[in-house]
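The structure appears right after this line, and notes come after that.
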Amino acid sequence: MVDFIRDIIAEDLKANKNGGRVHTRFPPEPNGYLHIGHAKSICLNFGLAAESHGLCNLRFDDTNPSKESTEYIRSIKSDIKWLGFDWGDRLFYTSDYFEKLYQYAVQLIKKGKAYVCDLSPEEIREYRGTLTEPGKDSPYRNRSAEESLDLFERMRAGEFKEVSRVLRAKIDMSSPNLNMRDPVLYRILRTPHHRTGDKWCIYPMYDYAHCLSDSIEGITHSICTLEFEDHRPLYDWVLDQLDVDCHPQQIEFARLNLNYTVMSKRKLLELVENGHVSGWDDPRMPTLSGLRRRGYTPESIRNFCERIGVAKRDSVIDVALLEHCIREDLNRSVPRVMAVLRPLRVVIDNYPEGQVEELDSPYHPDDPSVGSRKIPFSRVLYIEQEDFLEDPPKKFFRLSPGREVRLRYAYYITCVDVVKDKQSGEVVELHCTYDPETRGGWSRDGRKVKATLHWVSECDSIPAGVRLYNHLFTKENPNEEKGNIDFKTYLNPNSLEILTSCRVEPVLANAAPGSRYQFERLGYFCLDSVDSSDGALVFNRTVTLRDSWAKIAKKEKL
RNA sequence: UGGGAGAUCGUCCAGCGGCAGGACUACGGACUCUGACUCCGUCAACCCAGGUUCGAAUCCUGGUCUCCCAGCCA
């Protein structure tokens with residue numbers, strides 16, 4: 001695997017930069033759940049370190065107590081572990097460094113590189129200028145270091161109201177890079193911090209805290225997303241002013257975007273708070289907890305992150321690639337079972353009433369080591385409604401009147417009669433005959449059937465609920481908010497389909513929460529770990545199987 | 001109309017002066033007790049215009065388009 005970041009690191013290693021050391025970090029702010037975009041960053045940072053016998057830290061960037069919580073810290077740690085990465089004993093918090101950062105700020109003030117500014121937020125904005133016009137100096141810019149120092153100490157001591165004063169870097173109000181126009185370094189915040197309580201009432205800003213935290217931890221390569229490219233001069237400026245012995249290199253890459261979903265924490269939070277989804281772990285969410293609950297494996301997500309590559313250009317990955325990755329993983333490992341989602345009753349007229357046979361069925365067609373189980377077969381069965389058509393189009397080769405098909409691992413059956421509801425005309429039951437000579441699903445005479453259907457026995461199958469998930473949004477790019485259109489207008493009303501009268505084969509009674517199966521011919525499903533209980537099984541559809549019949553049907557009917 | 005960054009098949013990624021390649025998707029076909037899997041095959045791209053060169057996706061010049069930046073968010 002090669003990309004521009006690995007190229008840079010390879011060169012650094014070759015030049016013996018950093019003494020041949022590679023040390024990265026993953027620095028989430030605990031203000032939301034991790035999503036698959038974070039997975040890209042996690043795989044990159046931990047992967048880079050592992051490849052070069054280096055280390056990767058986990059550091060919570062907790063400099064804004066008003067948006068952060070320990071619940072987010074808990075979930076982030078558990079998601080990273082689940083994904084398969086280990087930060088060892090290197091769990092850090094920017095808040096660990098608050099005292100050090102404060103002392104560095106004092107240094108800056110003493111060197112005349114920072115000053116306390118009494119301008120209001122509105123005034124600061126005015127003085128900043130615009131994209132095309134330079135800003136102008138704050139009237140407080142030239143107050144003495146002594147005065148700034150005194151004020152800064154008193155800011156820390158809690159003598160001033162929120163918003164009344166800030167500490168600013170003294171750089172260049174006419175810089176074409178707005179980030180360099182005397183950026184705010186510290187602000188007063190009265191919100192108690194989830195880790196430091198009310199010990200502090202001044203908090204460092206990202207641009208100031210991040211580079212120094214990296215430096216303190218001895219980070220060699222500080223990898224972040226493209227929008228921080230403009231911040232790099234400031235990252236370097238801060239480190240250049242101070243006497244630090246580690247100056248990490250910031251490298252930016254393009255964040256992950258997926259079609260048919262949104263990836264910003266703000267928007268995901270909005271979906272959660274407005275009840276458009278059941279929570280951060282709703283299986284429709286692109287969050288790691290959502291994907292996990294949906295049935296995605298860590299392996300498949302890591303594989304996905306590897307395949308999408310790392311580059312600097314903005315891109316949108318087709319969610320079909322993610323689906324490919326999970327199918328690929330599940331296909332090789334997961335047991336097959338039979339489940340009927342929308343049952344159609346089938347009576348085998350010539351099968352003895354009351355008789356039950358146990359038919360041996362392998363769990364995996366290509367891998368005997370996965371084992372097998374017995375499936376009960378009896379006179380009354382269920383098949384899938386969509387597997388029968390009274391009036392079949394030419395390319396439909398499932399069951400229809402007079403036609404013979406195979407019931408998987410069971411018998412050949414032939415449809416002899418169709419029972420319809422007198423009122424609606426809807427097909428409610430089928431009568432079939434079976435060929436006793438085809439036990440196990442094959443015939444001695446070698447005659448072929450065009451279709452194999454999945455089925456369950458009426459008496460011995462057990463009820464289950466199934467949730468079918470589709471794209472959360474109807475639009476490839478819901479972020480395209482043309483005019484006043486909000487991204488939520490593109491929410492897919494059919495993103496969740498709840499099926500309550502499904503039947504599954506009896507072995508599933510003992511299924512463990514979170515366990516994954518292929519429901520033959522339907523897709524991959526997993527037992528929901530939240531809403532499923534012993535008496536009431538609930539399965540989530542992780543992903544459908546590829547379905548060439550669906551494609552044909554769609555094409556013909558349109 | 002300031003600054004920063006980026007433009008290669010429908011999508012993503014490679015190419016680093018010498019035959020534009022891979023993955024996903026789509027479309028054909030083979031196989032099949034899953035219309036699955038697997039296998040084989042097909043379609044499909046260098047933003048534009050000049051220049052340098054025997055030779056340019058790659059180097060140079062000039063355009064065009066897209067993204068990011070005016071939080072006391074990260």
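Here is how names work: the chains are called A, B, and so on, in the same order as the sequence lines, proteins then strands, and each is numbered from 1. Here the structure is a predicted model, which means the values were calculated and not measured.
Taking 3.5 Å as the limit, the base of B/G4 and the side chain of A/Arg232 contain no donor-acceptor pair of atoms between them.
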RNA chain B in dot-bracket form (Watson-Crick or G-U pairs under 3.5 Å, [ ] crossing, | inter-strand) is .((((((..((((....[..)))).(((((.......)))))....(((((..]....))))))))))).....

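A/Tyr115 pairs by the ring pair (Phe, Tyr, Trp, His ring centres under 6.0 Å) definition with nothing, not counting sequence neighbours. Judged as a side-chain hydrogen bond (donor to acceptor under 3.5 Å, both in side chains), and not counting sequence neighbours, the contacts of A/Asn45 are A/Ser41. Taking A/Arg307 as the reference, A/Asn303, A/His324, A/Glu328 meet the side-chain hydrogen bond (donor to acceptor under 3.5 Å, both in side chains) condition, with sequence neighbours excluded. Residues that satisfy the side chain to side chain contact (heavy atoms under 4.5 Å, CB included) test with A/Val163, not counting sequence neighbours, are A/Pro121. With sequence neighbours excluded, no residue forms a side-chain hydrogen bond (donor to acceptor under 3.5 Å, both in side chains) with A/Ser175. With sequence neighbours excluded, the residues that form a side chain to side chain contact (heavy atoms under 4.5 Å, CB included) with A/Glu358 are A/Val356, A/Lys374, A/Pro376. The side-chain hydrogen bond (donor to acceptor under 3.5 Å, both in side chains) check on A/Glu122 picks up A/Ser120, with sequence neighbours excluded.
Heavy-atom distances under 4.0 Å link RNA chain B to no residue of residues 248-256 of chain A.
Applying the ring pair (Phe, Tyr, Trp, His ring centres under 6.0 Å) rule to pairs touching residues 154-184 of chain A yields nothing, sequence neighbours excluded.
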Listed pairs, N/O of protein and of nucleotides 22-27 of chain B, under 3.5 Å:
{"from": "B/A23", "atom 1": "O2'", "to": "A/Arg307", "atom 2": "NH1", "distance (Å)": "3.3"}
{"from": "B/A26", "atom 1": "OP1", "to": "A/Lys551", "atom 2": "NZ", "distance (Å)": "3.1"}
{"from": "B/A26", "atom 1": "OP2", "to": "A/Arg546", "atom 2": "NH2", "distance (Å)": "3.3"}

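If you take atom P in B/G10 and the same atom in B/A45, they sit 7 Å apart, rounded to whole Å.
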Whether each nucleotide of nucleotides 67-74 of chain B has a protein heavy atom under 4.0 Å at its base (B), only at its sugar-phosphate (S) or at neither (-) is summarised, 5' to 3', as SBBBSBSB

